[in-house]
Amino acid sequence: MGEITKDDQLNGNGLSEERRRFIKAMGLFGLTLGTASIAGGMTDLAEASMFPPMQGKLDFDETVHTTCGICMIRCPMKVYKKGGKAVFLEGNPADPFNKGNLCPKGKAALGFMNNPDRLLYPMKRTNPEEKGFGVNPGWARISWEEAYDTIVKKILKATDNGKHGERFALFSHGSYGWCKRLLSSLGSPNMVSHYDTCFSTYFVARKALIGGNLWCNLEGVKYILSFGWDQPDRSKNHPTNQTIEAISNGAKVACFNPYQGTLGAKATEWIPIKPGTDLAVALAMINYIISKNRFDKKFVKNKTNFYQHEKEIRKHFARYTPKWAEKISEVSASTIVKIAKDFSDPKNWPALVPNHKRDGAGGPNYANSYQMAHATIVLNALVGAVDRDGGKATMAFGWSPKGKLKFVQNPPKGVKGLIKEKGSIDGKHKFPLVRDLITDRGIFFNVAQRILDKDPYELKMAIFRRYGILSFPNPKKIAKALSTLDFVVFMDSMPKDIMWFADLVLPEKMFLESDFVSYRKFVTPGYKLVFSGNKVNKPVGEQKGWTGVLMELGKRLDKKFGTKYFKLKGGKWVTSKADKEAMLKTINMTFSDLKKAKNGVWKKKAPYKSKPKYKTPSGKIEIFGNRFKKHGYDPLPSWMEKAVKPDKKYPFYMLIRRLPGLKHSAPLTNDNPYSLDAFPEHYVSINTSSAKKLRIKEGDMVKVKSKLGAIKLKARLTERIRPDCLMVLHNYGHTVPSLSFNKGPSDGYLIPDRPANAPKGKKDWSAGAWMCEVCLSIRKI
Ligand code: SF4
């Protein structure tokens, strides 16, 4: 597909030179390349972490300041060009927090820009007879005009000219505000994203108990209590830098994790806990801290609702003794008491239980993770580590410039109202707290079955942006569900598995090809930070940005329906530029001002202020969850077993590792020659002693099986994992021809979709996908 050849792209745009520099930098910082070195090379914080700015000479004639668009950390970066070609990039030291460091994903970004397999033009399917894995869709290039025209016609057909907006869905990663506007203009409640597989437990817990989303700030932390949280193993820049700094300054780390990981390797104590039992340990620690009155009394009195429910709270936790937790978790009662003592010792404050998303026991990995998400908020509240000012380690509210555009007309009902009225194809209407607190995010665990069952109605058309089949649990079922839709649109920068089932494909720009405004939503104590995103190169084909596509579709639908939901007061149609300018207006800037900002960074001193009142029923941080009680859930975190346990047939717990250089929703990382050099193929980690019993040797091909399916891959032997666990990797198994094709199977084929109704007794208010509720067998083949 295209006029730009592989050689043009690889050589003509300087990729080879940048690749050479990237590999050299990886060598410098300990990321030795090649399969055999990965597990060993990742054991040190320094190794798994950051690429500091380049030392030495670089031949360039232009510098462009932009911002990494791969993950939400948003690290500013400098791209060096020579003769108009990007030859190297590095972090921008003007960022006072990341200090010029980049993680391996951001560092590899140039490797993607010139990728020979990128989607270059809109395309339509010409093989309408059959859809399926490996069946040639007969893609034919079309213009953007034809693509927009076709999509609008198909939306009108699927929704019966807008009478049944619910027959249309957006499966989108990003631009949630614009997605919601488009959907509500059509009367569709179906905003579906992957929150249940990643964030929902923490997001719902924080919004229900604290009234907003909080980010983890580890600045000045003296004690890190981690229940599976290991951001350094993902190399997320900001928390990793803070963790490295804290450990260098003598912070203690207690790390509960069945796999040692990067944090465990540097921890004061690594406790290889039985998977899915962290909740028991956390409850026992809460018991100890409350019964011994070792909490921050001033904070607890002023900021939480503890004393309003003291009797009930003390009675509730009294049953969870360290002895009781020992039997469940295989962690000795004395270890639980010691760590609870250390954590609640004011000498070790600020102390924090950090959490982010799927990392850890409180992420939506287990059936009891929602209880664990509540328990971690209680632990943090007891040591005063929630929304505390003074720039000390805390779970804190972030900041963002919130621009407001004024439209001629607003849709009569928002997505939340439409879900209440019609129900949602992903089942959000069954989870009132998800519906009300994280309305614009979605549920993947059951959506395929709902599409197949037409529950609560028939879905006829969907647009997928940056989601592939492998994003969903039970990928084969989502493929089956997609085959039943009348029309599927796919937008991304690289080919992905959904293309086997798509009817139309839209090519997307990458961040190095865009002008945009970026800001640090993660907590940066003392500063508000906005970064400029400046175009480094023109797109290599006809790619466009997702927000602009949503706006164009909205405009065309407005014209069909005679509505003005995408028309601004003053008469102009909304554009991405207007959106950027509105955002910058809140800090009294224009985009051209931001471009001129010194080093591409706007920063303003803004000492953190904690809130006097929270958006909760009591106006306080709620240890006793009134919202949970109102909906019939436990108001206090309670013990609950994980759902799936090992048996004779499947004797191993499944763990999933997400590698520091690959990100599942970003083809920039998994279809990147640099990243694939470092993380070339999928393997399963098994404890050396377990492998010996099964006569499995390093590098042997093995078959790993769950109740859902089986995958074949190489074995890696390690002492750093419990003998009753197997650890697979996320992000492999791509089925479309591209760089990431044939690098080993997907972990998704092992993970079942969750039934619509949770097993009896497991009232998960967060609609978590329970991604690790899987047990496995393994045998040599
Ligand atoms: S942490 Fe890595 S991927 Fe995320 S924005 Fe920073 S450099 Fe990019």
Side-chain angles (χ1 to χ4, degrees), residues 18 22 25-26 29 31 42 45-54 64-79 86 88-113 173-174 198-199 215-218 229-245 262 354 356-359 398 400 466 493 510-514 516-524 529-534 536 600-601 658-672 674-676 678-679 730-731:
E18 162 65 5
F22 176 82
M26 288 191 115
F29 292 94
L31 267 166
M42 283 290 135
L45 277 176
E47 288 168 345
S49 56
M50 302 299 125
F51 294 94
M54 185 77 173
V64 182
H65 288 100
T66 189
T67 310
C68 179
I70 296 172
C71 85
M72 287 308 293
I73 296 281
R74 298 287 189 252
C75 302
M77 50 171 59
K78 297 200 279 186
V79 182
F88 188 69
L89 65 78
E90 64 180 356
N92 180 350
D95 174 358
F97 293 90
N98 293 337
K99 300 178 179 125
N101 290 317
L102 293 177
C103 84
K105 296 182 279 287
K107 186 68 192 127
L110 283 188
F112 178 79
M113 188 162 65
H173 189 77
C198 212
F199 289 102
W215 306 104
C216 169
N217 170 34
L218 289 136
W229 176 90
D230 192 351
Q231 279 296 318
D233 206 53
R234 318 263 170 286
S235 284
K236 233 181 217 320
N237 211 346
H238 187 63
T240 301
N241 281 322
Q242 287 190 321
T243 308
I244 293 170
E245 207 166 304
T262 301
H356 177 53
K357 51 179 180 177
R358 190 161 145 188
D359 331 319
S400 55
R466 279 218 191 148
S493 39
M510 73 172 293
F511 69 92
L512 291 172
E513 296 159 345
S514 313
F516 59 100
V517 178
S518 201
Y519 54 88
R520 175 75 44 73
K521 191 151 70 170
F522 283 77
V523 181
T524 46
L529 289 165
V530 178
F531 309 121
S532 63
N534 291 315
V536 173
V601 174
R658 295 182 299 131
L659 291 162
L662 303 176
K663 183 171 183 282
H664 67 128
S665 55
L668 281 74
T669 61
N670 53 34
D671 266 301
N672 188 315
Y674 306 175
S675 310
L676 288 167
F679 309 102
H730 190 49
N731 231 321

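Throughout, numbering of the chain's residues begins at 1 and tracks the sequence. All values derive from a computational prediction rather than experimental measurement. When a ligand or atom number is given, it counts from 1 through the structure's own listing order.
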May I ask you to check if K107 and F112 form a cation-pi contact, with NZ or CZ under 6.0 angstrom from the six-membered ring centre and within 45° of the axis?
-> no
The single option from N672, V79, L512, L89 that satisfies side chain to side chain contact (heavy atoms under 4.5 Å, CB included) with M113 is L512
F199 vs H356 aromatic rings, parallel, tilted or perpendicular, using cut-offs 30° and 60°? perpendicular
For C103, the atoms of ligand 1 under 4.0 Å from one of its heavy atoms are 1 (S), 2 (Fe), 3 (S), 7 (S)
Counting heavy atoms under 4.0 Å, the part of R74 that contacts ligand 1 is backbone
For this session: Look at C68 and state whether any of its N, O or S atoms is less than 2.8 Å from atom 8 (Fe) of ligand 1.
Result: yes
protein heavy-atom neighbour closest to atom 6 (Fe) of ligand 1 works out as C75 SG, 2.3 Å
| task | Check whether any N, O or S atom of C71, backbone or side chain, sits closer than 2.8 Å to atom 4 (Fe) of ligand 1. | result | yes
A student checking ligand 1 against I70 at a 4.0 Å heavy-atom cut-off should list atoms 3 (S)
So CG of N237 and CG of N101: to nearest 0.5 Å the spacing works out to 5.5 Å
Which of L529, V523, N217, N241 passes side chain to side chain contact (heavy atoms under 4.5 Å, CB included) with F97? It is L529
